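Notes follow the structure.
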Amino acid sequence: TAASPLLILDAEDLSVLRRIDVGDWKVGTRVTHSNSGKYLLLEAIEYLPYTPRGKNERRFAVVDPTSGSLVVNEVQAYAAAISMDDKELYLADKNGVRALDLATGVVRQVPGLTREATALALSPDGKRIALALDPTAEDLALIPSIRNDKKVIKTALKIGQVVHLHDLATGSFVLSVQELFDRAFRLRYTGDELWIHAKPASHKSANPDVTLSYVDVADPTTGAMQRASFPSHALYEPTFCANSTNTRF
């Protein structure tokens with residue numbers, strides 16, 4: 001909460017179990033937990049209004065909820081995620097993807113991933129990373145629906161984005177999601193699906209509704225798009241998730 005401790009509540013009666021001093025986060029944070037629950041990832045939300053070219057860099061921190069200590073006090077990035085083995089914090093920024101060792105604080109560049117990335121998601125098996133990238137002409141040639149449309153390609157190079165999957169260990173390219181996206185704000189693996197939250201960068205032609213954004217669903221094993229698409233009219237970037245059986249959004 002704003003300028004207050006991080007509160008951990010009992011899920012049944014909502015009584016406060018713990019209060020952890022994490023410093024001043026102004027209007028608050030988005031809090032998610034690592035795969036095992038060993039760490040909490042804090043993400044600043046004061047700069048979540050949409051911007052024409054995607055996200056601003058924002059503050060992230062990592063908390064050990066057992067000891068109450070800040071494992072990572074503050075780091076700036078477009079997006080971040082804790083590795084499935086709870087050993088590293090992956091960061092997407094202007095320099096590509098970096099990995100911060102949670103035990104030592106040492107930061108390394110992930111090999112092969114040096115392009116600016118505005119969103120990331122780690123696969124549940126810890127082997128792949130999904131990234132939202134500004135496209136190159138070569139990227140657009142991988143999308144059958146637009147690769148022969150010069151007008152769409154010209155516009156896409158200015159305001160579109162693509163989503164690529166890479167091998168996390170080597171950084172090598174695996175596949176491209178078979179769709180052109182607007183500005184991608186968040187990627188999330190849910191079960192055997194990859195969710196892409198995006199918002200149009202321009203409303204001068206097709207849709208005048210400046211509040212519209214959407215979450216599209218892709219198959220991360222093939223890159224094929226699913227039929228499901230969830231629209232949102234949130235004025236600020238929304239948080240979204242599924243229930244444990246992946247039947248409710």
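Just so it is clear, the structure is predicted and the values come from calculations on it, not from any experiment.
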### Message
Quick check on the hydrophobic clustering: are Tyr78 and Phe60 connected, directly or via other members, by side-chain heavy-atom contacts under 4.5 Å?
### Response
no

### Query
Rounded to the nearest 0.5 Å, how far does OG1 of Thr66 lie from CD1 of Ile20?
8.5 Å

### Task
Output every pair passing salt bridge (Lys or Arg N to Asp or Glu O under 4.0 Å) with a member in residues 90-106, not counting sequence neighbours, ordered by first then second residue.
Asp93-Arg98

### Message
Same cluster or not: Val75 versus Tyr90, using hydrophobic residues (I, L, V, M, F, W, Y) connected whenever any side-chain heavy atoms lie under 4.5 Å apart?
### Response
no

#### Entry: Any Ile196 side-chain heavy atom under 4.5 Å of Phe181 side chain
yes

### Query
If you count the non-hydrogen atoms of other residues, nucleotides and ligands that lie under 6.0 Å from CZ in Arg19, is the total more than 12?
no

### Query
Any idea which heavy atoms bring His197 and Ser213 closest together, and the distance?
NE2-OG, 3.1 Å

## Note on the structure
Shortest non-hydrogen pair, Tyr214 vs Pro200, comes out as CE2-CD, 4.3 Å

#### Entry: Smallest separation among heavy atoms of Met225 and Gln178, with atom names
CG-O, 3.9 Å

### Message
Using the rule that Ile, Leu, Val, Met, Phe, Trp and Tyr join whenever any side-chain heavy atoms are under 4.5 Å apart, tell me whether Ile143 and Val152 fall into a single cluster.
### Response
yes

#### Entry: Trace of the side chain to side chain contact (heavy atoms under 4.5 Å, CB included) decision for Leu102 with Val62
CA-CA 9 Å; Leu102 293 175; Val62 177; 4.2 Å; yes

### Query
Checking Arg186 side chain against Leu120 main chain: does a donor-acceptor pair fall under 3.5 Å?
no

### Message
For Gln109 and Asn95, which I'm curious about, is there any donor-acceptor pair between the side chains at under 3.5 Å?
### Response
no

### Message
Quick check against the 3.5 Å criterion: does His166 have a side-chain atom that pairs as donor or acceptor with the backbone of Gly171?
### Response
yes

### Message
Applying side chain to side chain contact (heavy atoms under 4.5 Å, CB included) to Leu180 and Leu140, what does each step give before you reach the verdict?
### Response
CA-CA 8 Å; Leu180 174 68; Leu140 299 177; 4.0 Å; yes

### Task
May I have the step-by-step check of side chain to side chain contact (heavy atoms under 4.5 Å, CB included) for Val71 and Val63, ending in yes or no?
CA-CA 5 Å; Val71 180; Val63 177; over 6 Å; no

### Task
Would you please test Phe230 and Val217 for side chain to side chain contact (heavy atoms under 4.5 Å, CB included) and show each step?
CA-CA 9 Å; Phe230 305 94; Val217 180; 4.0 Å; yes

### Query
Is the backbone of Gly160 close enough, under 3.5 Å, to the side chain of Arg183 for a donor and an acceptor to pair up by distance?
yes

### Query
Below 4.5 Å, heavy atoms only, C-beta onward: do Ile8 and Pro65 meet side chain to side chain?
yes

### Task
Would you indicate whether the side-chain heavy atoms of Leu133 and His164 approach each other to under 4.5 Å?
yes

### Message
How long is the straight-line distance from CG of Leu194 back to CD of Gln226, given to the nearest 0.5 Å?
### Response
10.5 Å

#### Entry: Pair Ser172, Asp167: side-chain N/O donor-acceptor within cut-off below 3.5 Å
no

### Atom pair CZ (Phe173) and CG (Leu142), whose distance is rounded to the nearest 0.5 Å
5.0 Å

### Query
Is Asp64 reaching over with its side chain to a backbone N or O of Gly68, donor-acceptor style, under 3.5 angstrom?
no

### Query
Does a side-chain heavy-atom distance below 4.5 Å link Leu91 with Val97?
no

### Query
Ignoring hydrogens and geometry, is there a side-chain-to-backbone donor-acceptor pair from Thr190 to Glu193 under 3.5 Å?
no

### Query
Do Asp86 and Ser34 have side-chain atoms, one donor and one acceptor, less than 3.5 Å apart?
yes

### Query
Under the 3.5 angstrom rule, does the side chain of Glu43 hit a backbone N or O of Arg30 as a donor-acceptor pair?
no

### Query
If you look at every heavy atom in Leu122 and Ser83, which pair is closest and at what distance?
CD1-CA, 3.7 Å

### Query
Sub-3.5 Å donor-acceptor pair from the side chain of Asp139 to the main-chain atoms of Thr136, do we have one?
yes

### Shared hydrophobic cluster, Val72 / Val107 (ILVMFWY, side-chain heavy atoms < 4.5 Å)
yes

### Message
On a heavy-atom basis, which atom in Leu157 and which in Ala137 lie closest, and how many Å separate them?
### Response
CD2-N, 3.9 Å

### Task
Kindly state whether the ring of Phe249 and the ring of Trp195 have centres lying under 6.0 angstrom apart.
yes

### Summary
Rounding to 0.5 Å, atoms CG (Leu131) and CZ (Arg115) come to a distance of 9.0 Å

### Task
Would you name the heavy atoms of Leu41 and Ala80 that are closest together and state the gap between them?
CD2-O, 3.6 Å

#### Entry: Hydrophobic cluster identity match, Val174 and Tyr189, side-chain contacts under 4.5 Å
yes

### Gap between atom NZ of Lys199 and atom CG of Asp182 - 0.5 Å precision
9.5 Å

## Note on the structure
So CG of Leu100 and CZ of Arg108: to nearest 0.5 Å the spacing works out to 10.5 Å

